[in-house]
Amino acid sequence: MAQPCDIAIPDVFGPIQIGSLEIAHPFVQAALSGYTDLAMRRIARMHGAAYCVNEVVLDKSVLHDGPWQRKLLTVEPDDHPVGAQLMGGDPTTFGPAADKMVTAGYDVIDINFGCPAPKAQNRCRGGFLLSEPETASAIVRNVVDAVRGRCPVTLKMRRGLNDSPESERNFFEILDLAYSLGVAAVTVHGRSVEQRYRGPSNWDFLAKVKRHAGSRTVLGSGDLFAAYDCIRMMEQTGVDGVTIARGSMGNPWIFNQCLQLASGKADVNSLEAPTIQQQRNTIIRHFKETARLHGKEKAGKLMGKFGVRYASHHPKRKRVREAFSRGSSTEQFLEVIRIWYDEFT
Ligand SMILES: Cc1cc2nc3c(=O)[nH]c(=O)nc-3n(C[C@H](O)[C@H](O)[C@H](O)COP(=O)(O)O)c2cc1C
């Protein structure tokens, strides 16, 4: 596969601006809780992702001394540009947490107003805040004040709490307030909080947001499972870029494929799928990065959820998937690689 840096892409898929930060192209690694740790971000960048967002973290965990905090506040030199995504329900703790993340070296502070998990709803966090414009605005104001222009502040939003007109009014009220407070860009997932993952992401809503936002940067999210979906979302809705979520799990090749399509080097029919050897190299690299981050003992278990996703590229996908899902140790994980990737002909 061609390397991302070899590829010239037309203006429409060219660099995007997030405040003062220029992102090389519009294909972004979305925040994925339990997935987009440093290891997955490195793999995404290696395959062409222009910008990666860390998994969501609670503002309170950033403020709580301990090993987890130290991990969160370590940003590696090869992990840029990287966004820190924060979630919480109390405006007063958001600001100090954002301050720590910027000081640690994150390039963007992204505020989560989208998480639909019942736990987040019960604790008045994430997507719940789409129904609370006043609290949401207080959070944005505190974060913008704490960051003091050192990096851009962005929002991640779902299209609303539900399908009611009030929900849509709240969405645009929060969006307008956020822009007026200096928020540089928003990512919008076209599902409602109540919808969770049922039914399609509403791309018409994304088009409406982009028309409303004018020249301000809007990134789209929802139902981006293949490179062609990313191009189609940009063309159909006018959003400036896309954040690739489930479509990137066990499929980092999607970034390079987006670049191939955007540059006209390939069309949907001529896109290169990864060979078994390429799959193996990527999985092993991902495993090694995970081992560096979390220790070799834990790496095999942690890689299981990625393995079942990577398996979808293998000619014997069902059997490989089963093999990955049965393993729970590093030895078992490496045995699956040996049988299904090293020795497979
Ligand atoms: C396992 C999983 C974890 C997620 N974690 C986060 C997160 O930490 N922060 C966030 O803003 N969105 C998170 N999302 C939402 C995605 O970023 C994205 O908006 C959503 O999956 C819709 O895109 P898709 O339909 O292309 O997957 C998560 C989604 C999944 C499936």
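Whatever order the structure lists ligands and atoms in, that order sets their numbers, starting from 1. Here, residue 1 is the first one in the sequence, and each next residue gets the next number.
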*asked:* Please report whether ligand 1 has a polar contact with Ser221, defined as an N or O pair separated by less than 3.5 Å (distance criterion only).
replied: yes

_Protein heavy atom at shortest distance from atom 12 (N) of ligand 1_ = Lys156 NZ, 3.1 Å

_What I want to know is whether Val56 and ligand 1 share at least one N or O pair that is separated by under 3.5 angstrom._
yes

*Atoms of ligand 1, numbered as shown, that sit under 4.0 Å from any heavy atom of Arg191*: 25 (O)

*Please check if any side-chain donor atom of His80 sits under 3.5 Å from a side-chain acceptor atom of Asp107, or the reverse.*
yes

*Nearest to atom 15 (C) of ligand 1, what protein heavy atom do you find, and at what distance?*
Tyr197 OH, 3.3 Å

*Do Phe306 and Tyr35 have ring centres separated by under 6.0 Å?*
yes

*Test item, Gly222 contacting ligand 1 (heavy atom, 4.0 angstrom)*: yes

*In terms of side-chain geometry, is the basic nitrogen of Arg191 or Asp223 positioned less than 4.0 Å from the acidic oxygen of its partner?*
yes

*If you have a sec, work out which protein heavy atom is nearest atom 13 (C) of ligand 1 and how many Å separate them, to one decimal?*
Ala31 O, 3.2 Å

*asked:* Distance alone, cut at 3.5 Å: any donor-acceptor contact between the side chains of Thr154 and Asp110?
replied: yes

*Quick check: does Glu55 get an N/O under 3.5 Å from an N/O on ligand 1?*
no

*asked:* Check for me whether the distance between the ring centres of His25 and Phe13 falls short of 6.0 Å.
replied: no

*Determine, considering heavy atoms only, which of Cys115, Gly220, Ala245 sits nearest to atom 16 (C) of ligand 1.*
Ala245

*Considering only NZ, NE, NH1 and NH2 on the basic side and carboxylate oxygens on the acidic side, decide whether Arg338 and Glu335 come within less than 4.0 Å.*
yes

*Considering heavy atoms of the protein only, find what lies nearest to atom 11 (O) of ligand 1 and give residue, atom and distance to 0.1 Å.*
Gln85 NE2, 2.8 Å

*Report, in ascending order of atom number, the atoms of ligand 1 lying under 4.0 Å from any heavy atom of Asn112.*
9 (N), 10 (C), 11 (O)

_I'd like to check whether Leu224 has a polar contact with ligand 1, where a contact means an N/O of the residue lying under 3.5 Å from an N/O of the ligand._
yes

*Considering heavy atoms of the protein only, find what lies nearest to atom 2 (C) of ligand 1 and give residue, atom and distance to 0.1 Å.*
Leu32 CD2, 3.8 Å

*Only pairs at least two apart or in different chains count here, so list each salt bridge (charged side-chain N to carboxylate O under 4.0 Å, His left out) that has a residue in residues 58-75.*
none

*Look at atom 1 (C) of ligand 1 and say which protein heavy atom is nearest, naming residue and atom and giving the distance to 0.1 Å.*
Tyr35 CE1, 3.8 Å

*Between Arg158 and Glu194, is there a salt bridge with N-O shorter than 4.0 Å?*
no

*Numbered atoms of ligand 1 (with element) below 4.0 Å of Ala30, judged on heavy atoms*: 17 (O)

_Heteroatom proximity flag, Gly247 to ligand 1, N/O under 3.5 Å_ = no

*For ring-ring contact (aromatic ring centres under 6.0 Å, His included), just list the numbers for Phe205 and Phe171, CA-CA rounded to whole Å, side-chain angles, deciding distance to a tenth of an Å, and then say yes or no.*
CA-CA 11 Å; Phe205 187 79; Phe171 175 95; 4.9 Å; yes

*Should Arg285 and Glu289 count as an ion pair when the cut-off is N to O under 4.0 Å?*
yes

_Nearest neighbour in protein (non-hydrogen) for atom 5 (N) of ligand 1_ = Ser33 N, 2.6 Å

*asked:* Using a strict threshold of under 4.0 Å (side-chain N to carboxylate O), is an ion pair present between Asp78 and Arg45?
replied: no

*Identity and distance of the protein heavy atom lying nearest atom 31 (C) of ligand 1*: Arg246 CG, 3.6 Å

